[in-house]
Amino acid sequence: MRTLSTPSPALICPPTLPGFQNGRGSSTSSSSITGETVAMVHSPPPTRLTHPLIRLASRPQKEQASIDRLPDHSMVQIFSFLPTNQLCRCARVCRRWYNLAWDPRLWRTIRLTGETINVDRALKVLTRRLCQDTPNVCLMLETVIVSGCRRLTDRGLYTIAQCCPELRRLEVSGCYNISNEAVFDVVSLCPNLEHLDVSGCSKVTCISLTREASIKLSPLHGKQISIRYLDMTDCFVLEDEGLHTIAAHCTQLTHLYLRRCVRLTDEGLRYLVIYCTSIKELSVSDCRFVSDFGLREIAKLESRLRYLSIAHCGRITDVGIRYVAKYCSKLRYLNARGCEGITDHGVEYLAKNCTKLKSLDIGKCPLVSDTGLESLALNCFNLKRLSLKSCESITGQGLQIVAANCFDLQMLNVQDCEVSVEALRFVKRHCKRCVIEHTNPAFF
């Protein structure tokens, strides 16, 4: 008999694909049942029925298993380490385990993976069960990760938006079937959302509130969204106007990744800096229309900026680097790989002004030579990671100067560079913890 008040989703997983997982790990077990991955509804395990006229003496009574002697709080602690699919299986063992497995404290995170999983249905089943004690809302659920689930649609996101008001983290990377409207529903109905990953969602062009939510909010609230971390990598259709809207609504942003948003220009970065003054990490890698004027706008973030990636932005030269170096003195990480307009002058200015730099990638910058490396070595003593891949003007002499001054160096990439074995051995002697990536077959 099916019990409607306590449905239990059990998982049917293909042998080669994981089913449900939570934030603590993934399951290596698989079912022998093949076909579509869905979430099914089952009743809780029945209790054993006895009758006073039935004699049980003929069958010896089994001893209580050792694990059943543990108190409830210990069992819940053990269950907290299980992935979601195993947690659902445990709910089918017995009635006690069923009740313990659905303890709300175990359901702060839901992780779904797999291209064939019916995510919309799975989310509906799970949220319905988690809403049993608090009708229509999952008060404990804070994280939902459905990255790579290509069958996720707006219907699944709408389920999350309606049932998870306390949601703080949502990752839907690679789910290319979701649209702006579904994302708007989530950010409007989940006011505590701080972490949003929509990378690879090619239909998403903006992050904003729904019209209804905007009307309900008072002017005192300012119609703001509490998102601090936003990843829009590979959102190819994002344009300056969309970035303007994002910046105007997400003023608390501290981490923003716009890799390969190829339609963005310097104008979009101008909007960004006007509204989002607290950004610490920013990536505009492969945004081919970003130039020195864009870096001039980014430099207005000043000492708050710690991480900047401008890789393969071919319009950037020493001029843009000088803007960043002059005003962003606390910069820790810079990725300028493939910016062929950068020369020794830009590297020198960077080294003298950003002395706390820990990671620098200037690979494929053919105009950077040993002179630039010498400036780095004499000013950036805390440098831990340095990539010089395919820097044709670099020689062993420059590497030796770096090794003699940057003792904490942990990673050095000199692939496709004309450096001698002696220079590489010199680096290894002075920087004992350094991992050297190279293409010299004589050095090992």
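This chain uses plain numbering: 1 for the first residue, then up along the sequence.
Annotation: Arg304, atom CZ; neighbour count of heavy atoms from other residues, nucleotides and ligands within 6.0 Å is above 12. Within a 6.0 Å radius of OH in Tyr349, other residues, nucleotides and ligands contribute more than 12 heavy atoms.
Counting only N and O atoms by type, the side chains of Glu181 and Ser179 include a donor and acceptor under 3.5 Å apart. Between the side chains of Ser173 and Ser147, at least one donor N or O sits under 3.5 Å from an acceptor N or O.
For Tyr275 and His244, the gap between ring centers is short of 6.0 Å.
Between Arg169 and Glu171 there is a salt bridge, since a side-chain N of the basic residue sits under 4.0 Å from a carboxylate O of the acidic one. A salt bridge links Arg150 to Glu115: at least one charged side-chain nitrogen sits closer than 4.0 Å to a carboxylate oxygen.
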CA sep, side-chain torsions, deciding dist, call: Arg259, Asp286, salt bridge (charged side-chain N to carboxylate O under 4.0 Å, His left out):
CA-CA 6 Å; Arg259 306 178 187 96; Asp286 295 284; over 6 Å; no
Could you walk me through whether Asn379 and Thr355 pass the side-chain hydrogen bond (donor to acceptor under 3.5 Å, both in side chains) check?
CA-CA 6 Å; Asn379 292 278; Thr355 56; over 6 Å; no
For the pair Ser309 and Ser285, evaluate side-chain hydrogen bond (donor to acceptor under 3.5 Å, both in side chains) and give the outcome as yes or no after the intermediate values.
CA-CA 6 Å; Ser309 180; Ser285 297; 2.4 Å; yes
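Minimum interatomic distance between Cys149 and Leu112 (heavy atoms only, all atoms of both residues): SG-O, 3.3 Å. Of all heavy-atom pairs between Val290 and Cys313, the closest is O-CB, 4.1 Å. Here the closest non-hydrogen pair linking Ile310 and Cys339 is O-SG, 3.2 Å. Contact record, Cys380 with Cys354: SG-O, 3.6 Å, taken as the closest heavy-atom pair. The shortest non-hydrogen separation linking Asn177 to Leu152 is CB-O, 3.4 Å. Residues Cys287 and Cys261 share a closest heavy-atom pair of SG-O, 3.5 Å.
Formation of a donor-acceptor pair under 3.5 Å by the Thr127 side chain with backbone atoms of Leu123 is found in this model. Looking only at distances, no side-chain donor or acceptor of Ser387 sits under 3.5 Å from a matching main-chain atom of Gly363. A donor-acceptor contact shorter than 3.5 Å links the side chain of Asp292 to the backbone of Thr317. Checked by atom type and distance alone, the side chain of Arg228 never pairs as donor or acceptor with a backbone atom of Thr254 at under 3.5 Å. Between the side chain of Asp318 and the backbone N or O of Gly320, no donor-acceptor pair lies under 3.5 Å. Checking side-chain atoms of Asn335 against main-chain N and O of Arg337 turns up a donor-acceptor pair under 3.5 Å. Counting only distance, with no hydrogens or angles, the side chain of Asp120 and the backbone of Thr153 share a donor-acceptor pair below 3.5 Å. Under a 3.5 Å cut-off, the side chain of Asn382 and the backbone N or O of Lys358 do not form any donor-acceptor pair.
Between Asn180 atom CG and Asp154 atom CG the span is 9.5 Å, to the nearest 0.5 Å. For the atom pair CG (Leu264) and CE (Met232), the distance works out to 9.0 Å, reported to the nearest 0.5 Å. To the nearest 0.5 angstrom, Cys164 atom SG is 4.5 Å from Leu141 atom CG. Atom CD1 of Ile394 and atom CD1 of Ile362 lie 6.5 Å apart (nearest 0.5 Å). Between the OG atom of Ser329 and the CG atom of Leu357 there is a distance of 11.5 Å, given to the nearest 0.5 Å. Distance check, rounded to the nearest 0.5 Å: CD1 of Ile225 to CG of Leu253 gives 9.0 Å.
Residues Lys330 and Ser303 form a side-chain contact, since some pair of their non-hydrogen atoms from C-beta on lies under 4.5 Å apart. Looking at heavy atoms from C-beta onward, Leu170 lies in side-chain contact with Leu157 at the 4.5 angstrom threshold.
Taking the six-membered ring where tryptophan is involved, the planes of Tyr229 and Tyr257 are tilted, since the angle between them lies from 30° to 60°.
Of the candidates Asp68, Asp103, Leu100, Leu100 is the only one forming a side-chain contact (heavy atoms from CB on, under 4.5 Å) with Met75.
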